[in-house]
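Scroll down for the structure; my scribbles are underneath it.
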Amino acid sequence: MSSASYRFSIGPWNIGRGADPFGPPVRPAVAFDDVLAAAVNLGFEGIQFHDDDAVPDLENLSPSKIVAEAEAMKRKLDGLGFVAEFVAPRLWEHANGIDGGYTSNDPAARRWAIERSKRAVDVALALGCDLIVMWPAREGTAVRESKDPIAASAQMIEAINAILSASPRARIAIEPKPNEPVDHAFVPTIGHALALGARSADPARVGVLIESAHAILAGLDPSDEMGFALAAGKLWSVHLNDQNGLKFDQDKVFGAANLRGAFDQVRVLEAADYAASGAFIGFDVKAQRTQAADSATAHLATSKAVFLRLVEKVRSFPKQTAAQCIAARDYEALERLVLEHLLAA
Ligand code: 3MF
Ligand code: MG
């Protein structure tokens, strides 16, 4: 049982304008400083960045100017008592990444993706962190025959190696997702991510970030994906959230669709003493479109509260009774024990 306490992190995109693919924004944009103020109120310590959250307009800045701006951001974080958790190169929103970055069919786009990722390493180091999150958003296809999956694996490893070579301190956490915005992604699961890392130039510096919803979209159990990564010492961050079956990526409040599944994720994190590793708990959750602007951070407060309640549930679980059920192979009794425990006040 862990005695360590958890650290929580937030991404600016978790507090958003309420747009969805079917309609325009319904709330005003939230300035970055207001995100930081909300993060203080919510009791978060870590900030997750896209490269251009930390350094806006970085495509039009020189490498030295990018570093100077990232250093200014670091001073702002220091002043508020925040630490930067990671930087993710936001390749998927730029016109150059229209058909993917690292696996684009256009060699110029591939070069751009690698260069931008190296700049993200500069940003991370200037912010005082060493973790690069690689979400291979458009690294896949809408039309299967449009790309060569064998070449794509080699291109992913080339990109990983380029990022690793940018600094001996840089570490990469790959955040796999099986679909959306592409139809089929080249790095759909934790197994794929770890296999790519193992084939990289420095496997010790490649791990994973697991998002609950992404595992569910792959038809997998998030807690088992976490267990697989934890067993390898590779779970370097999490995006806890929830997902109601196979549909668009919902980014629901942690536990909102499957409370028992959320319990199981906390259970495996506790079993591995994740908190003691120093890694953060992030929630990749979005406010509902219907939510008024003045309460559009409630999804983060609820996710954190549910997480902490589930930590208590895991710690108070009657483990000896469970062990007796398991020894007797009485899994019906174990099922009842889990459900009664979750239902108990
Ligand atoms: C993807 C991510 C982020 C996205 C964010 C945008 C690090 O699951 O976690 O990339 O940018 O979710 O909505
Ligand atoms: Mg995520």
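Throughout, numbering of the chain's residues begins at 1 and tracks the sequence. Whatever order the structure lists ligands and atoms in, that order sets their numbers, starting from 1.
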Shortest non-hydrogen contact from Ala215 to Glu225? CB-CG, 3.9 Å
Hey, which N, O or S atom on Asp284 ends up closest to the Mg ion (ligand 2)? OD2
Is it true that His50 and Glu93 share a donor-acceptor pair across their side chains at a distance under 3.5 Å? no
Heteroatom of Glu211 nearest to the Mg ion (ligand 2) (N, O or S, atom name): OE1
Please say yes or no: joined through hydrophobic side-chain contacts below 4.5 Å, possibly via intermediate residues, are Phe263 and Leu269 part of one cluster? yes
With salt bridge (Lys or Arg N to Asp or Glu O under 4.0 Å) as the criterion, how do Asp78 and Lys74 come out once you've worked through the C-alpha distance, each side chain's angles and the decisive distance to 0.1 Å? CA-CA 6 Å; Asp78 287 347; Lys74 165 95 165 58; 3.0 Å; yes
Tell me which N, O or S atom from His239 is the closest to the Mg ion (ligand 2). ND1
Give a yes or no on whether Arg260 atom CZ has more than 12 heavy-atom contacts from other residues, nucleotides or ligands under 6.0 Å away. yes
Specify which N/O/S atom of Glu175 comes nearest to the Mg ion (ligand 2), by atom name. OE2
Should Asp51 and Arg116 count as an ion pair when the cut-off is N to O under 4.0 Å? yes
Can you tell me if Arg309 has over 12 outside heavy atoms packed within less than 6.0 Å of its CZ? no
What's the shortest heavy-atom distance between Asp284 and Trp13, and which atoms? OD1-NE1, 2.9 Å
Quick check for students: name every N or O atom pair between ligand 1 and the protein closer than 3.5 Å, with distances.
from	atom 1	to	atom 2	distance (Å)
ligand 1	8 (O)	Glu175	OE2	2.8
ligand 1	8 (O)	Glu211	OE1	3.0
ligand 1	8 (O)	His214	NE2	3.4
ligand 1	8 (O)	Asp284	OD2	3.2
ligand 1	9 (O)	Glu175	OE1	3.0
ligand 1	9 (O)	Glu175	OE2	3.1
ligand 1	9 (O)	His239	ND1	3.1
ligand 1	9 (O)	Asp284	OD2	2.7
ligand 1	11 (O)	His50	NE2	2.5
ligand 1	12 (O)	Trp13	NE1	3.4
ligand 1	12 (O)	Asp284	OD2	3.1
ligand 1	13 (O)	Lys286	NZ	3.0

